[in-house]
Amino acid sequence: MKWIQQFAGSKELDEELTYYFQESYRIVSLGLTKKKQKELGLNQPVSEGA
């Protein structure tokens, strides 16, 4: 487990923090079963026609 804490606010730091949150959420979601991922609408392939 790793803690992320931000004291100063700049646009670059906000973007970096957002990336870390999204990536950690994605990594955890990959540990779910494929069925649960589908139920939650996670990690679905992007259709090329959309």
**Request:** Consider only side-chain heavy atoms of I, L, V, M, F, W and Y, link residues closer than 4.5 Å, and tell whether Y25 and Y20 are in one cluster.
**Result:** no
**Item:** Donor-acceptor contact present, side-chain Q37 to main-chain L32, <3.5 Å
**Value:**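 Looks like yes, one N/O pair under 3.5 Å.
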**Item:** Euclidean distance, K34 NZ relative to L42 CG, rounded to 0.5 Å
**Value:** 11.0 Å
